[in-house]
There are 2 protein chains.
Amino acid sequence: MTQMSMARKGELTEEMRAVAKQEGVAPEQIRDGVAKGTIVIPKNLGHKLSRPIGIGKGLRTKVNANIGTSTDYINPEEELEKAKVSWEAGADTIMDLSTGGDLDQIRRQILRESPVPVGTVPIYQAAIETIAQKGALVHMDRGKIFEVIERQAQDGVDFVTVHCGVTRGVFERLRLQGRVMDIVSRGGAFLVTWMLANGEENPLYEDFDRLLDIAQRYDLTLSLGDGFRPGSIVDATDRPQLEELIVLGELTKRAWEKGVQVMIEGPGHVPLDQVEANVLLEKKLCYGAPFYVLGPLVTDIAPGYDHIGCAIGGAVAAAAGADFLCYVTPGEHLRLPGVKEVREGVMAARLAAHAGDLAKGVKGAWDWDLRMSKARKRLDWEEQIKLSIDPELARRAREESRPMLSDVCTMCGEYCAVKLVEEALRG
Amino acid sequence: MTQMSMARKGELTEEMRAVAKQEGVAPEQIRDGVAKGTIVIPKNLGHKLSRPIGIGKGLRTKVNANIGTSTDYINPEEELEKAKVSWEAGADTIMDLSTGGDLDQIRRQILRESPVPVGTVPIYQAAIETIAQKGALVHMDRGKIFEVIERQAQDGVDFVTVHCGVTRGVFERLRLQGRVMDIVSRGGAFLVTWMLANGEENPLYEDFDRLLDIAQRYDLTLSLGDGFRPGSIVDATDRPQLEELIVLGELTKRAWEKGVQVMIEGPGHVPLDQVEANVLLEKKLCYGAPFYVLGPLVTDIAPGYDHIGCAIGGAVAAAAGADFLCYVTPGEHLRLPGVKEVREGVMAARLAAHAGDLAKGVKGAWDWDLRMSKARKRLDWEEQIKLSIDPELARRAREESRPMLSDVCTMCGEYCAVKLVEEALRG
């Protein structure tokens, strides 16, 4: 039984209760959201999680951190370290996107240690094993992807990105229209390569029911991937992107009929003035399924600062109703991120998520800022540090630059406005 | 003659031509904007500037970097270094906010070396000299502030923050309403302290014509300060803030009557969903005068990451029509920033400004992203680095993590989506 099937029967699962407690809402609200599909609780039936979460309408916007080896950099210990740094820094989920080394072993270790839900993109492993076994991706069997998904589900993976909307029809629209960046999704690229060479339809689309059967058995949440997401702001909100979203909307309904939980992945590179419309389109075309945005990144020109570009897009998306933000690190578009960049990426995404939560009025969000402002007004530095999104960094920054007067900071010193006004009013 | 008086006579100054060239628009467009007051060219008649700029409607959103000593940290050489790092990193203006050491000397050195317009907040020096000479701020003469403004104008300062809207009437609204953070503007705090102790009106308001006479003589651009800007998102868009803005709108008209150039300073701490309304209110109440926002910072809980919180608010503000963003560094709310933080602050603000420019369709903005995306599609790394907002950082990040194949990066290695799709399409 999936969370969705239980919810539809009116049952309250342990996870629904845990999520309700975290969010400070009634368990029934979570149950009703899960039943309708506007909330997902990504948790594999066979995976023990100390920090289960809900993603969706009315809930705190969640943050995902991607980690994983690449063919150029294979250091499983370091990837595990990145995963730990992520959940310690407050990431709500981890995705293992490893493409180098022993993929099964890396994933299993992360699954064992993670207190938070773990996601994967199984097409990576399907493609990489095919290349290793048969010399080229184009020789992949139709069933390979399902075999890998089942293997990963058995291991306890909580959610998978599946690019079911990468169809021949959508690709034709891309070809007709043309694009600056064509396809920037790795999963999308693997599938299109295979489809073009074999003249076949995407198995994840054509055999969607087979995917649903696996998802149902493990309560594996499907994160319907956006293989045609724009990789340049110039390509944003174009015909292939929207055609794929239309397909994902149709598949969402089919998944829900089988009690399978679904999220929808979204762009990508999107100029600021199109972000809100993108959220609206997803909510409309996919019946309110939770929206998991990969950014969005509001400009293409800032490698080294893409975590900031994504914080801008992510905050605006969250405010408009996006439910789940995939972090981007300062290394994006330049290299595989290191541990430090992973931490910075998580913090930037958390900040964006919170800014969105304030704007959309998520329960409890305003209280945090109010407590911080009151501590600031009292010049209570210890409390300000404790309430900071990153207390460790805030403490270090202050300690490196001690003021002469203990109640102010070195920015204004004795001319602290808060202190002056306090004295003037008392005076 | 000020730029505004010249523009009204239909004359094209050298600065108008330079600004038009930079922006890629007709000089007449700049002249007409200056005449109407929707564009300012902050340049003191006596200050040589190698990089004059225009700020306002239809132009690229500009970025200011604050530097300056504090009572806790007096190192004029380091402040000069911060100024240099700022303009080298692309800041369009510098504000010297020094409050420690020999203020005249620090300012004069920056004015000599700066290729970009320099701004100040003269009330700081007026207050600090009063305290040094008379033992307390409350003993300040009414004329002191004008004497300091004139001295700074003689030195060549291009624009000054003057908190003319900090009136007894507005303060009364604050007292009636109450606030979490009262006043967080240092200039506002100095003025209110003096006004309360002496039972007098703000000289900058009461003797506004005296200020206009000085501004006219030097073509000193007035940046009408927001002494009542919210210092907590809880206080945003409240009665004192709006009452002050109403006063600033009245003063804008009076300045324009005398041919004095005016910008309006804006918040501050503002939740994301109120940012656009704040821009609209300024444009409406101040007749389209350029809007210079101090952030806005979209959450109070992120000391150490406030440059990111401000990039979110600044981008949304710029997209909505804000013309000029004051940077915020990662040190904000914790300490006086160091050189590295200054550079990070400039980059974050430039990114935000550009994201806004893309959204509001500023001339040439889209071309930058298009060129970057085309270089990315060609896997032309040298060109990508050159087109990066911070080529130095992008080059370093890539060089620290070299891929095995020279045409990709270590994130995806041989499974680069761009490369895979290119090959699949080539067939």
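Throughout, protein chains are lettered first and strands after them, A, B, ... in sequence-line order, and every chain is numbered starting at 1.
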- line: Under 4.5 Å to a heavy atom of chain A? For B:H333 that would be both
- line: When the 4.5 angstrom heavy-atom criterion is applied to B:A394 and chain A, the contacting part is both
task: Check salt bridge (charged side-chain N to carboxylate O under 4.0 Å, His left out) between B:R398 and all other residues, then give those that pass, not counting sequence neighbours.
output: none
- request: Please flag which part of B:S185 lies under 4.5 Å from any non-hydrogen atom of chain A: side chain, backbone, both or neither.
  value: backbone
message: Below 4.5 Å, heavy-atom pairs only: which of A:I301, A:V408, A:D235 has the largest tally toward chain B?
response: A:I301
- request: Name the region of B:P403, side chain, backbone, both or neither, that has any atom closer than 4.5 Å to a heavy atom of chain A.
  value: both
message: Let's test your reading of the structure: which of A:V234, A:V298, A:L137, A:V192 forms the most heavy-atom pairs below 4.5 Å with chain B?
response: A:V234
task: Below 4.5 Å from any heavy atom of chain B, which atoms of A:W368 appear? Answer side chain, backbone, both or neither.
output: both
message: Which atoms of A:W194 are under 4.5 Å from chain B, going by heavy atoms: the side chain, the backbone, both sets, or neither?
response: neither
query: Can you name the side chain to side chain donor-acceptor pair (under 3.5 Å) partners of B:K340, sequence neighbours left out?
result: B:E344
field: Residue A:A311 versus chain B: region with a heavy atom under 4.5 Å
entry: both
- prompt: Given that the side chain runs from C-beta out, which part of A:L196 has a heavy atom under 4.5 Å from chain B: side chain, backbone, both or neither?
  reply: side chain
